[in-house]
Amino acid sequence: MNDPLSCPEFFQNPYPFYGQLRAAAPVQQVTTGTGGRTGYLVTGYAEAKAAFTHPDLSKDTARFFAGRPSGRNLHPAVAHTMLATDPPEHTRLRRLVTKAFTTGAVTRLRPYIERTVDQLLDSLPKDGEADLVAGLAVPLPVTVICQLLGVPEADRARVRTWSNDLFAAGQPQRIDAASHAVAGYMADLIEAKRRTPDDSLLNDLITTRDEGEQLGEDELVSLAVLLLVAGHETTTNFVGNAVLALLQHPELLDRARTGSCRRSNMLDELLRYDSPVGIATFRYSTRPITLGETEIPAGVPVLISPGAANRDPAPYPVPDLPDADRDARGHLAFGHGIHRCLGAPLALAEAEIVLRALLTRFPGLRLAVAAEELRWRRTRLMRGLEALPVFTGTSPAGS
């Protein structure tokens with residue numbers, strides 16, 4: 001069976017491929033991995049939204065892969081996170097960290113985010129070439145989540161490296177090694193905070209673990225690793241993709257710079273237009289189900305593509321053009337249902353602060369290379385740039 005998601009052209013621009021698949025059938029069988037294993041890919045919006053909440057689609061990867069041979073050596077703290085659980089375990093674990101990502105909690109973080117953004121922009125040339133991925137989109141979210149968890153500044157460069165390695169598509173040994181490194185580091189950091197407590201989110205989780213029975217020690221390490229790694233990868237892609245979309249669409253850029261549209265509308269539309277997550281994390285059918293008009297047998301992977309669903313013309317007419325006036329609040333870039341991205345409020349705050357400051361500081365911002373020369377990460381799961389070379393420019397373009 002042909003794999004439409006593995007050709008080089010797909011990674012550069014997956015949307016024509018998604019469109020062809022969706023036109024043929026919004027849910028269809030595809031090759032999902034090496035060895036010819038097959039599953040079902042969901043590219044339609046209505047079908048994706050239904051799949052995100054379907055009671056017979058499980059995220060319990062340990063159960064699915066039990067007894068299956070594997071040459072992988074992922075650390076359990078990375079292989080079996082909250083993302084790979086179903087209720088009631090998922091409900092219990094998510095409840096422990098939800099309060100750290102409420103709108104109120106994120107509002108209290110905004111001054112720190114603003115200072116961090118200003119420091120990063122200070123390091124960029126005032127009128128010259130810069131890579132906004134390496135100089136801004138990568139360091140911002142990892143710095144913020146490290147601050148939230150209480151990771152010492154001296155350790156943050158290592159954390160960034162491990163996180164990058166965990167998403168090294170096609171390099172299983174590198175991924176496995178990074179999983180053991182980051183899990184070992186987090187276990188050591190937990191012990192250090194037990195000796196010297198602070199006011200971090202990690203310390204709150206340690207207290208929960210040590211004063212009750214809501215959280216096992218392995219679960220504590222796994223939850224800490226998940227919080228450290230999962231959120232900032234998607235936010236990095238969100239920021240990079242959003243800046244690129246603005247630079248490719250001058251009218252949109254002008255409206256973002258002048259504030260002639262609601263910022264929340266703009267952010268939702270940018271998320272819809274080029275979602276930072278191409279394919280959501282693993283699910284499989286626990287019994288035969290029907291999605292759309294497609295019958296899916298029990299025991300097979302089901303891949304939900306937010307990137308494809310967000311370009312479905314049924315809910316979003318003319319989906320391949322960003323529209324600042326579009327009501328895109330129903331986009332699926334953060335998922336849907338009980339597994340909707342926990343850090344969505346934080347990601348939105350970071351992106352809003354970054355875009356406002358970047359466009360104010362550099363009114364002449366423009367691409368330094370042709371868009372077709374940009375290189376995208378070769379992974380189905382994430383949709384993000386390897387680099388975003390720009391000319392900064394403190395004078396408005398054309399002046």
Side-chain angles (χ1 to χ4, degrees), residues 13-15 18-19 22 42-46 48-49 51-52 101 103 106 113 132-133 136-138 140-141 144-145 230-249 251-253 255-257 259 261-281 304-337 339-356 358-359 376-377 379-385 388:
N13 182 9
Y15 299 110
Y18 286 146
R22 187 174 51 247
V42 184
T43 54
Y45 178 88
K49 195 169 183 179
F52 273 125
F101 297 96
T103 301
V106 170
I113 298 171
L132 289 188
V133 169
L136 184 63
V138 167
L140 173 64
V144 172
I145 198 64
H232 66 256
E233 283 293 328
T234 50
T235 305
T236 288
N237 294 341
F238 178 14
V239 170
N241 296 1
V243 173
L244 176 60
L246 293 175
L247 294 181
Q248 289 183 295
H249 298 89
E251 180 182 353
L252 200 69
L253 176 64
R255 294 192 65 181
R257 180 179 287 122
C261 60
R262 290 183 59 188
R263 286 200 178 99
S264 59
N265 274 26
M266 177 70 77
L267 292 173
D268 282 332
E269 176 63 355
L270 291 170
L271 281 163
R272 181 208 66 82
Y273 176 71
D274 207 356
S275 302
V277 176
I279 294 179
T281 48
I304 307 171
S305 174
N310 285 339
R311 293 285 188 106
D312 188 336
Y316 301 117
V318 196
D320 295 329
L321 287 177
D323 180 356
D325 295 320
R326 190 195 306 269
D327 183 356
R329 285 175 294 179
H331 69 79
L332 300 179
F334 290 129
H336 180 63
H339 288 283
R340 187 178 188 272
C341 177
L342 181 70
L346 180 58
L348 287 166
E350 291 180 38
E352 186 268 319
I353 291 168
V354 146
L355 293 178
R356 175 167 43 82
L358 179 68
L359 298 181
W376 294 82
R377 300 175 64 182
T379 168
R380 297 171 175 179
L381 298 180
M382 296 292 180
R383 168 73 176 162
L385 291 159
L388 181 55

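Both backbone and side-chain heavy atoms feed into the values below; hydrogens, waters and symmetry mates do not. Numbers here simply count residues along the sequence, with the first being 1.
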Test item: L132 and L385 side chains (from C-beta on) under 4.5 Å apart, heavy atoms: no
Beyond-backbone contact of L246 with M266, side-chain heavy atoms, under 4.5 angstrom: yes
N241 side-chain N/O to D274 backbone N/O, donor-acceptor pair under 3.5 Å: yes
With E352 via salt bridge (Lys or Arg N to Asp or Glu O under 4.0 Å) - residues at least two apart: R110, R263, R356
Test item: R22 side-chain N/O and Y45 main-chain N/O as donor-acceptor pair under 3.5 Å: no
Set of side chain to side chain contact (heavy atoms under 4.5 Å, CB included) partners for H339, sequence neighbours left out: K59, H90, R283
Side-chain heavy atoms of R255 within contact of D325, under 4.5 Å: yes
Side chain to side chain contact (heavy atoms under 4.5 Å, CB included) between Y273 and L252, intermediate numbers included: CA-CA 12 Å; Y273 176 71; L252 200 69; over 6 Å; no
Side-chain donor/acceptor of H249 to backbone N/O of A245, under 3.5 Å: yes
E269 (side chain) donor-acceptor with A324 (main chain) under 3.5 angstrom: no
Contact summary for V277 and P306, nearest pair of heavy atoms: O-CB, 3.9 Å
Partners passing salt bridge (Lys or Arg N to Asp or Glu O under 4.0 Å) against R340 (at least two apart in sequence or in another chain): none
Heavy-atom neighbours of E251 CD exceed 12 at 6.0 Å: no
Minimum side-chain heavy-atom gap Y15-P319 below 4.5 Å: no
Interatomic distance, L381 atom CG to T234 atom OG1 [nearest 0.5 angstrom]: 12.0 Å
Over-ring placement of R311 relative to Y18, 6.0 Å and 45° cut-offs: no
Worked verdict on H331 versus N310 for side chain to side chain donor-acceptor pair (under 3.5 Å): CA-CA 6 Å; H331 69 79; N310 285 339; 4.7 Å; no
Check: I279 main-chain N/O paired with S305 side-chain donor or acceptor under 3.5 Å: no
